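Take this structure first; my questions come after.
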Amino acid sequence: MREVRIKDSFTGELRTLSSDEEIGIYACGPTVCSLIHIGNARPFVVFSLLARFLKSEGYRAKLVVNVTDINDRIYAAARQAGEPSAEFAKRMTRAYFEDTDRLGLGRPDAEPLATETIDGIVALIADLIESEHAYESGGDVYFRVRSFDGYGKLSNRRAEEMDQGEEAGSESLKEDPLDFALWKAHKEDEDTSWDSPWGSGRPGWHIECSAMAEAELGPSFAIHGGGSDLVFPHHENEIAQSEAAGRPFARVWMHNGMIETDAEKMSKSEGNIFQLSEALDRYGREAVVDYLISGRYRQPLAFDAEQMEQAATRVERLRNFLREHPPAGDGAAPEDEFVATRREGFRGALADDFNTPRAMAEAFELVAEANRRQLPGAPEALRGMLALVGLESLARAEQGAGAEAEGLLAERQQARAARDFERADEIRDRLAELGWEVRDSAGAARLVRRC
RNA sequence: GGCGCCUUGGCGGAGUGGCUACGCAGCGGCCUGCAAAGCCGUUUACACCGGUUCGACUCCGGUAGGCGCCUCCA
């Protein structure tokens, strides 16, 4: 088990994860008001792979990624779709599962829904009212921000300095404009609601995460993750709610940077989104995963078609190597020292605040060296590395070309042997039409699937 | 205005007080009937101005520009 350090975005310091307790990771998932875009996929990929890495190092990691299925925007989107909001949210949740399944990284250890955590939410709110950190007002319940001294400590803000944007219509129910809703009374145009001691209504946006994190990971857990755009107010409010209710909450905060197009954050409100499913269709899952780990998780990452194509070319280089070096039977020669160094470097990079670009550089160095000289153990080591970052499918044997293509290839080999290159090229074109690229080597020829 | 982050070669993106990751693209070769794959060589870097230092892309200060959050957003 190697020492893993994570840069805590709360303190700005590198923190070493404890090796003798469960590493609970709570990462904020999507609000299912639309299909997810590639920016939403970044935290899913980063935290899935982080959990995978920690487990492979022997840590007891548990990854929780929630689904926010109660929200103003869901009501609005459902209304526009002419669909009951509960059905709409279910449909979008299903689409989210399908899209992220296609990444091929498996599922998080738990994926709680807000709608299935109402009891925990109500209990937490009751605790906050009991301790006077929250109050009921006209069927709503608000968190009393000024009652919590630490408010603003994550995002570095002072309550006094906050230029609070007013929510139209509801401010009169608040004691203080800074206060935020824990529970919202049922409104006429909302077609779902839940019972509570304060009447029928629904939870506010932030409380669900506090409740779900506690339900899955307990009152104190190792890592809380999510996009950097959630630092304020979402995560700030989570801290306030949980800590005010006596829960120590997250020990380390990890915020992933935004995906950007033309140096602008990709977001629904900007309208510059690129859907995950479309990226998967167009570039393939390996390219999408590779793209998402091509920059360090906490930095912004540029997105455009060229970047995706580069990722596709990059994974093709890895695939080419693995194709030439299928798993050996046995009696393999002892691993070369160079290989061991790269493998160590790869894991070391991941242990160093999950530096995926540096890890991948190690993998590429291994490939380059193994392409120029015999490197015992290189293919096996590479497969191991790629498995850690969800790219193990690059090593998968290609499906057979089928009788027609194989027949054509044999025919072409005959033509080449007879030095009838015109015929050979004709056949090559024909194979290309069938989706196969021909690669000649010393005495043989290989068919490679073109996508 | 407040808080935080960023500025690396054609593109993306690491990193370090001295030895210029990695990938893509370009150019010239090798190999090949040709191509692909692969290999070799090679062209563009650290926004700007000061300071610290034997030495800074890396540390400090300033300037310019950009981004994020402050309202729903991964």
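Note that the structure is predicted; figures quoted are calculated from it, not measured.
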Can you name the atoms? Protein N/O to nucleotides 29-31 of chain B N/O, anything below 3.5 Å, with the distance.
none

Report each atom pair, protein N/O against N/O of nucleotides 42-46 of chain B, whose distance is under 3.5 angstrom.
none

Residues forming a ring pair (Phe, Tyr, Trp, His ring centres under 6.0 Å) with F321(A), sequence neighbours excluded | H325(A)

Go along nucleotides 16-28 of chain B 5' to 3' and tag each nucleotide: B for a protein heavy atom under 4.0 Å from its base, S when only backbone or sugar atoms are that close, - otherwise.
-> -----BSBB----

Identify whether the distance between the nearest side-chain nitrogen and carboxylate oxygen of D8(A) and R15(A) falls below 4.0 Å.
->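 Yes, this pair counts.
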
When you compare C60(B) with C22(B), how far apart are their P atoms, in angstrom units rounded to a whole number?
->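 So the two P atoms sit 27 Å from each other.
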
Applying salt bridge (Lys or Arg N to Asp or Glu O under 4.0 Å), which residue pairs with at least one partner in residues 28-47 of chain A are found, sequence neighbours left out?
->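 Every pair satisfying salt bridge (Lys or Arg N to Asp or Glu O under 4.0 Å) with a residue in residues 28-47 of chain A: there are none.
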
Where along residues 417-432 of chain A does a heavy atom fall under 4.0 Å from RNA chain B?
->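 Listed by number, they are R419(A), F421(A), D425(A), R428(A).
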
Do any pairs count as a salt bridge (Lys or Arg N to Asp or Glu O under 4.0 Å) and have a residue in residues 148-157 of chain A, sequence neighbours left out, and if so which ones?
-> K153(A)-E243(A)

Any donor-acceptor pair under 3.5 Å between the side chain of R158(A) and the base of G1(B)?
-> no

Go through the structure and list residues passing salt bridge (Lys or Arg N to Asp or Glu O under 4.0 Å) with R158(A), not counting sequence neighbours.
->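 Scan of R158(A) (salt bridge (Lys or Arg N to Asp or Glu O under 4.0 Å), adjacent residues dropped) gives none.
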
Give RNA chain B the dot-bracket treatment, 5' to 3': Watson-Crick (N1-N3 with N6-O4 or O6-N4) or G-U (N1-O2, O6-N3) under 3.5 Å, [ ] crossing, | other strand.
-> (((((((..(((.....[...))).(((((.......)))))....(((((..]....))))))))))))....

Any side-chain donor-acceptor pair under 3.5 Å between Y75(A) and D191(A)?
-> no

For the pair R358(A) and E362(A), find out whether any cationic side-chain nitrogen is under 4.0 Å from an anionic carboxylate oxygen.
->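 Between E362(A) and R358(A) there is no salt bridge, as every charged N stays at least 4.0 Å from the carboxylate O atoms.
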
Distance-only donor-acceptor test, D440(A) side-chain atoms vs C34(B) base atoms, 3.5 Å |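 For D440(A), whose side chain was compared with the base of C34(B), there is a donor-acceptor pair (under 3.5 Å).
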
When we call it a touch if two heavy atoms are under 4.0 Å apart, what does R372(A) touch: a base, just sugar-phosphate, or nothing?
->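 The residue R372(A) makes sugar-phosphate contact but no base contact.
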
Can you list the residues that meet the salt bridge (Lys or Arg N to Asp or Glu O under 4.0 Å) rule with E306(A), with sequence neighbours excluded?
->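 With neighbours one apart ignored, the set is empty.
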
Whole-angstrom distance between U43(B) and U7(B), as gauged at atom C1' |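 After rounding to an integer number of Å, I get 24 Å for this pair.
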
Heavy atom of residues 99-112 of chain A under 4.0 Å from RNA chain B: which residues?
-> none

Expressed as a whole number of Å, how far does the C1' atom of A64(B) sit from that of G23(B)?
->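 Pairwise C1' distance, A64(B) against G23(B), rounds to 31 Å.
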
Taking the same atom, P, in G15(B) and in A21(B), what whole-Å distance lies between them?
-> 14 Å

By side chain to side chain contact (heavy atoms under 4.5 Å, CB included), Q299(A) pairs with (sequence neighbours left out) R296(A)

